[in-house]
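Only one structure is covered here, and it is reproduced in the block below.
All chains are named by letter (A, B, ...) in the order of the sequence lines, taking the proteins before the strands, and each is independently numbered beginning at 1.
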There are 2 protein chains.
Amino acid sequence: MTSYSPVPEKKHSRIQLRNRKRIIDAALEVFSQHGYRGATLDQIAEQAGLSKPNILYYFDGKEAIHVTLLNKLMETWLDPLAKMDPDGDPLDEILGYMHRKMQMSRKFPRESRLFANEILQGAPRMGPHLESGLKPLFEEKVALIQSWMDDGKLAASDPRHLIFSIWATTQHYADFEAQVSVLTKGDKAVFPGAEAYLDTLFRKVLEP
Amino acid sequence: MTSYSPVPEKKHSRIQLRNRKRIIDAALEVFSQHGYRGATLDQIAEQAGLSKPNILYYFDGKEAIHVTLLNKLMETWLDPLAKMDPDGDPLDEILGYMHRKMQMSRKFPRESRLFANEILQGAPRMGPHLESGLKPLFEEKVALIQSWMDDGKLAASDPRHLIFSIWATTQHYADFEAQVSVLTKGDKAVFPGAEAYLDTLFRKVLEP
DNA sequence: CTGCTTTTTTACCATTTGGTAAAGTGACGA
DNA sequence: TCGTCACTTTACCAAATGGTAAAAAAGCAG
């Protein structure tokens, strides 16, 4: 069992904890804005309020920071889907999921863009995580939705493309914010409008 | 009037034309895969089969290549939307638009990722184009769709979010291909399935 | 206080990368 | 065949960037 920390085993002092958190926060800011290659250790250092060598005291390198960040956020990212309840009302569960994803776009746009960047580049540092983290969850929920459709509780369609369309439409507002904001300038209620629109949209596809 | 070309005015020899095209093609490949900062002139040079200084003989620099590329592709990118016909059948026109966008994702995924990269980073080299190229067209079509809705030819909803959702869902298959392919491994008919699903989806929102 | 460990800084380094100067090569008309 | 102009290559350079070594400073247990 190797550790990411420079200290061999889990010896996390208060300073250790505080600075590692600072670095991860700074890295989220910088990586999500510039992508992996576009981000520099100097930028992360400045954002974190630490010197570059000091950052390398806490992490083994640029890539280690990025991987740690991705790992840390993976659970948060999958959480809304994991919360989809097999025992709940099918329509409520899926619309609820869509709304939770929308909240993610609204509250965590940096996290959204971080993942978007990584996937766009072909997921070079996240391939394994897609297989081991996302895929099983995806398949579980696809099967769940399929069973709801088979039971006639939802209109039949391809559950995989349904999930893709939820991801696409909700993440769009975070990932393509630069474009959305140009095209909706002056509208203070873009997110509420989007939520209302998507609610109607998915309700119409899903209602039996 | 300044020109991008090293030759002051429009003196485009055969070699000039051929090599500029090679460079643009190579740049599309490299920029779409690695993003602006991630791409290097050496990569573009190798892909183009030319030396780096030779590339700089044809273009003023990395940024000039990127800007030229973006400009060249802008029209192609907006074309499907521009083709939406005010005199056509509303439902056919919008679904037709969606299908044309889907074709773009299928046939020009690199172009899609190029734009996605640029927007994700906040459109630093495309801001003006969004304002001058995309925005007027967007607003024209929003007004058109709104008038169709006002006339009762389509179910009422927010035309802006409708267009966003078409962009999001169709481009998803190109931009997040790395993720889609992991989750649909073995399925040879992802695109046809997506098209059928999206056809149903938008038909249900749009039908009055 | 004291000695030891953890943390931070200073001073570097090697590589990569965008870019340039200038010499060389080739095509083509007079 | 020669001169000119368009194109290409060779040999560089300065800045940026990821990373390191080692000294200095700060914590902290006794």
Side-chain angles (χ1 to χ4, degrees), chain A residues 3-27 29-31 33-70 117 121 124-125, chain B residues 2-24 26-27 29-31 33-70 117 121 124-125:
Chain A
S3 163
Y4 291 106
S5 154
V7 180
E9 279 311 316
K10 47 193 144 186
K11 186 129 171 244
H12 295 308
S13 74
R14 223 162 300 112
I15 291 178
Q16 208 49 234
L17 247 29
R18 173 175 53 88
N19 283 352
R20 288 178 70 93
K21 184 175 182 320
R22 276 190 188 176
I23 294 168
I24 288 295
D25 286 351
E29 182 69 27
V30 177
F31 280 133
Q33 204 162 90
H34 304 283
Y36 179 74
R37 302 260 337 238
T40 71
L41 285 177
D42 287 299
Q43 286 174 297
I44 296 173
E46 197 195 336
Q47 182 77 29
L50 298 170
S51 68
K52 181 169 64 174
N54 203 3
I55 281 190
L56 292 167
Y57 171 75
Y58 290 101
F59 288 90
D60 286 340
K62 186 183 181 182
E63 186 160 350
I65 299 176
H66 195 251
V67 170
T68 303
L69 183 58
L70 248 23
N117 256 307
Q121 319 291 313
R125 281 165 290 279
Chain B
T2 56
S3 161
Y4 291 106
S5 152
V7 180
E9 280 309 316
K10 47 192 145 187
K11 185 127 170 248
H12 295 308
S13 73
R14 222 164 297 112
I15 289 178
Q16 194 80 210
L17 247 29
R18 173 176 52 87
N19 282 351
R20 286 178 73 91
K21 184 175 182 318
R22 276 190 188 176
I23 293 168
I24 288 294
E29 181 70 27
V30 176
F31 280 133
Q33 201 161 90
H34 304 284
Y36 179 74
R37 302 260 335 240
T40 72
L41 284 179
D42 287 299
Q43 286 174 297
I44 296 173
E46 196 195 337
Q47 182 77 29
L50 297 170
S51 68
K52 181 168 64 174
N54 203 3
I55 281 190
L56 292 167
Y57 171 75
Y58 289 101
F59 288 89
D60 285 340
K62 185 184 181 181
E63 186 159 349
I65 299 176
H66 194 250
V67 170
T68 303
L69 183 58
L70 248 23
N117 257 308
Q121 318 292 310
R125 282 165 290 278

Notebook entry, point to check: Rounded to the nearest Å, what distance is computed from the OH atom of residue Tyr58(B) to the P atom of nucleotide dT9(D)?
Noted result: 10 Å
Check: Any side-chain N or O of Ser51(A) under 4.0 Å from OP1/OP2 of dT9(C)?
Finding: yes
Checklist line | Modelled atom types, side-chain donor and acceptor of Asp25(A) and Gln47(A), under 3.5 Å | finding: no
Check: Quick one: Asn54(B) CG to dT9(D) C1', roughly how many Å, whole number?
Finding: 8 Å
Check: Parallel, tilted or perpendicular for Phe31(B) and His66(B), by the 30°/60° rule?
Finding: perpendicular
Note to self: If the cut-off is 4.0 Å, is Arg20(A) near the phosphate of dT7(C), judged by side-chain N/O to OP1 or OP2?
What the structure shows: no
Check: Taking CG from Leu56(A) and P from dT6(C), how many angstroms apart are they, rounded to a whole number?
Finding: 19 Å
Note to self: As a test of reading the structure: which of dT9(C), dA6(D), dA21(C) is closest to the side chain of Tyr57(B), going by heavy atoms?
What the structure shows: dA6(D)
Checklist line | For atom CD of Glu46(B) and atom C1' of dT17(C), their distance in whole Å | finding: 15 Å
Note to self: How many whole angstroms separate atom CD1 of Ile65(A) from atom P of dG18(D)?
What the structure shows: 10 Å
Next item on the list: Take atom CZ of Arg14(A) as the centre, draw a 6.0 Å sphere, and report whether it contains more than 12 heavy atoms from other residues, nucleotides or ligands.
Entry: no
Check: Which nucleotide in the list dT9(D), dT7(C), dT9(C) gets nearest to the side chain of Gln16(A)?
Finding: dT7(C)
Item checked: Whole angstrom value for the distance that separates P of dA27(C) from CZ of Arg18(B) -> 11 Å
Notebook entry, point to check: To the nearest angstrom, how far is Gln43(A) atom CD from dT17(D) atom P?
Noted result: 7 Å
Margin query: Reading DNA chain C from 5' onward, which residue's closest nucleotide shows up sooner: Pro53(A) or Asp42(B)?
Written below: Pro53(A)
Margin query: Need one value for Ala39(B): base, sugar-phosphate or nothing, where a base atom within 4.0 Å counts as base even if backbone is also close, heavy atoms only.
Written below: sugar-phosphate
Notebook entry, point to check: Nearest 0.5 Å, what's the CD-OH distance between Gln121(B) and Tyr36(B)?
Noted result: 12.0 Å
Item checked: Interatomic distance, Leu41(B) CG vs dG19(C) P [rounded to whole Å] -> 6 Å
Check: Are the side chains of Arg20(A) and Ile55(A) in touch, meaning some heavy atoms are under 4.5 Å apart?
Finding: no
Item checked: Earlier contact from the 5' end, DNA chain D, for Lys52(B) and Asn19(B) -> Asn19(B)
Notebook entry, point to check: Among the nucleotides dT17(D), dG19(D), dG18(C), which one has an atom lying closest to any side-chain atom of Thr40(B)?
Noted result: dG18(C)
